[in-house]
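Taking it in order: structure first as structure tokens, then the write-up.
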Amino acid sequence: MNQKRLLKYILIAMISGILVGWACHSSVSTAQATDIASYFKIVTDVFLRLIKMIIAPLVFATIVSGLISMGKSSSLGSITVKAMSWFIGASFISLLLGMGLANYFQPGVGMNLVIPKEAVDVGVSASSLSLQTFITHIFPRSFAEAMANNEILQILVFSIFLGSALAYVQHQSGATVIGRIIDELCRVMFRITDYVMAAAPIAVFAAIASAITVQGPKLILEYSIFIGQFYVGLLILWMILISFGYIFLEKDVFRLVKAVREPTILAFATASSESAYPKTMEALNKFGVPKRITSFVLPLGYSFNLDGSMMYMSFAVLFIAQAYNIDLSFTQQVLILLTLMITSKGIAGVSRASIVVIASTLVMFKLPEAGILLILAVDQFLDMGRTATNVIGNSIATAVIARTEVGNEEVDEVEEGLCCTNRRKVELF
């Protein structure tokens, strides 16, 4: 299925899901709505399982293949430094923006909630979330275990070792059989990805219909101001990210945004970054980013560069404080921002990661844990926006790092996925 047709089907599926979900919510009881939604959820769960099925081998094959193509060079260290510098800067800006908008909009003011005397079970656990645990968790005990659990960072670490070793061996004695097998694995995984993505519109329909069937449009209206303010913040964040991208990519940044619109909409509709990963990689390759850079920076960004999630976390923590009439000084807000900056780097692979980080931050600063219940009801709709923003942020970061790494050099071969009608050399971007 070509990109334009898939994009059209996804948009149709989103609209259809809203209408069907609304009809189901209006015509059945609450218990029946929950039952109907569970059937819709089967489709979504199957699709996300298929996505998880291809993520680990796809990440492994593309990273190793990319490192082999780099050869025995020092470019890996340069790319890593640039990537982490961008990720840390973008995270700080996102958190600062969330804090600034929460103070400007004051979304929780006027709710006047009473702080509960007893602890409330909010359905998430933050006990295992710490920087120390995260650092240890980066390094795999077993490659098989990392693949089975879809631990992207652990797969990345093993792939760096394997790819670097294969690049060294290939530099010493020429092309290796393992290298050729991994290149073939890349092609096979991209073909499997095409098969799985053909079901994306059905999954999008089911995800939207399930959410609306249970929650109904009334919930969105009740939280419309809060949701609207958050999406205004995401729009501002998009403008900031695109502006920084423009500094390095100039007008090509707009071509990049257009190139990744399909994975962005897919991420928005499914609220899953994983579902958009294969299409994001494909879009970046077609845009002209070398596969060796995409295959390394993008998985790294999925763990360290969650711009939309970062803005949401600072925005949500201050919203909860305002809802309970808890006045936080500027110093306390800065401490919260710095805490989120550190603890958010440990959310890779954690279910409902942003909620977990928010819960741990509330405990740390003695804010009511029950505040999580205020945002859980609409978290699905907020998650859609922040996930789409994460895709945009990672795409711009990857393209910028590629531009600074290769500049305007010409390449002798067209990268896989970059269409060209002639055999002459092409200029990146």
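Hydrogens, waters and symmetry mates are skipped; everything else that's a heavy atom, side chains included, is used.
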Taking the side chain as every heavy atom from C-beta outward, state whether Val64 and Leu185 have any atom pair closer than 4.5 Å.
-> no
Atom pair CE/OG of Met84 and Ser91 - distance to nearest 0.5 Å = 8.5 Å
Pairs touching residues 38-63 that satisfy side-chain hydrogen bond (donor to acceptor under 3.5 Å, both in side chains), sequence neighbours left out = Lys41-Asp45, Lys52-Glu274
Does Asn390 use its side chain to pair, donor to acceptor, with the backbone of Arg386 at less than 3.5 Å?
-> yes
Chi angles and distances behind the side chain to side chain contact (heavy atoms under 4.5 Å, CB included) call for Met311, Leu234 = CA-CA 8 Å; Met311 197 207 83; Leu234 289 182; 4.1 Å; yes
Short question: side chain of Thr404, backbone of Ile401 - any donor-acceptor pair under 3.5 Å?
-> yes
Using a 4.5 Å cut-off on heavy atoms from C-beta on, say whether the side chain of Leu237 contacts that of Met310.
-> no
State the CE-OG1 distance between Met281 and Thr193, to the nearest 0.5 angstrom.
-> 9.0 Å
Distance in Å, Tyr231 OH paired with Thr389 OG1, rounded so as to fall on 0.5 Å steps | 8.0 Å
Between Ile293 and Leu298, does a side chain to side chain contact (heavy atoms under 4.5 Å, CB included) hold up when you go through it step by step?
-> CA-CA 8 Å; Ile293 295 178; Leu298 199 57; over 6 Å; no
Under 3.5 Å, which donor-acceptor pairs do the side chains of residues 203-211 form with other protein atoms, sequence neighbours left out?
unit_1, atom_1, unit_2, atom_2, d
Ser210, OG, Ala37, O, 3.3

Would you please test Val317 and Gln333 for side chain to side chain contact (heavy atoms under 4.5 Å, CB included) and show each step?
-> CA-CA 10 Å; Val317 169; Gln333 292 187 35; over 6 Å; no
Any side-chain donor paired with an acceptor under 3.5 Å for Asn394 and Tyr277?
-> no
At their closest point, which heavy atom of Thr294 faces which heavy atom of Thr398, and how far apart are they?
-> CA-CG2, 3.9 Å
Gln229 vs Leu101 side-chain heavy atoms within contact, under 4.5 Å = no
Closest heavy-atom contact between Ala90 and Asn305?
-> CB-OD1, 3.7 Å
Flag side-chain contact, heavy atom, 4.5 Å: Val28 against Asp35 = no
Is there side-chain contact between Trp238 and Asp307, with at least one heavy-atom pair below 4.5 Å?
-> no
Do Phe315 and Phe226 have ring centres separated by under 6.0 Å?
-> yes
Working to the nearest 0.5 Å, report the span between OG of Ser295 and CG of Leu300.
-> 11.5 Å
Residues Ala321 and Leu328: closest non-hydrogen pair is CB-CD1, 3.7 Å
With no hydrogens and no angle check, do the side chains of Ser65 and Asp183 hold a donor and an acceptor under 3.5 Å apart?
-> yes
What are the two closest non-hydrogen atoms of Ser395 and Thr280, and how far apart are they?
-> OG-CG2, 3.5 Å
Find the distance between CD1 (Ile55) and OG (Ser275) and round it off to the nearest 0.5 Å.
-> 8.5 Å
Val260 to Ala283 - nearest heavy-atom pair and separation = CG1-CB, 4.0 Å
For Pro278, which of Leu58, Val196, Ile192 qualifies under side chain to side chain contact (heavy atoms under 4.5 Å, CB included)?
-> Leu58
Determine whether Leu249 and Phe254 make a side-chain contact, defined as any pair of heavy atoms from C-beta on separated by less than 4.5 Å.
-> no
Hey, is CD1 on Ile202 packed in by over 12 heavy atoms from elsewhere, all under 6.0 Å?
-> no
Should the pair Arg403 and Phe248 be classed as cation-pi, given the thresholds of under 6.0 Å to the six-membered ring centre and 45° from the axis?
-> no
Does a side-chain heavy-atom distance below 4.5 Å link Phe40 with Val20?
-> yes
Evaluate the criterion side chain to side chain contact (heavy atoms under 4.5 Å, CB included) for residue pair Met313 and Thr361; output intermediate values, then yes/no.
-> CA-CA 9 Å; Met313 286 185 283; Thr361 305; over 6 Å; no
Indicate yes or no for a side-chain donor-acceptor contact from Gln322 to the backbone of Ala102 under 3.5 Å, with no hydrogens or angles considered.
-> yes
Less than 6.0 Å separating the ring centroids of Phe143 and Phe60?
-> yes
Return a table of donor-acceptor pairs under 3.5 angstrom between the side chains of residues 152-166 and protein atoms on other chains or two or more places apart.
unit_1, atom_1, unit_2, atom_2, d
Gln154, NE2, His137, O, 2.6
Ser159, OG, Ile155, O, 2.7
Ser164, OG, Ile160, O, 2.7

Close side-chain approach of Phe365 to Gln332, heavy-atom, < 4.5 Å = no
Here the gap from Ile54 atom CD1 to Arg191 atom CZ, rounded to the nearest 0.5 Å, amounts to 12.5 Å
Should the pair Phe244 and Trp86 be assigned to parallel (<30°), tilted (30 to 60°) or perpendicular (>60°) ring geometry?
-> perpendicular
Specify the closest pair of heavy atoms between Cys24 and Ile36, including all atoms of both residues, with the distance to one decimal.
-> SG-CG2, 4.3 Å
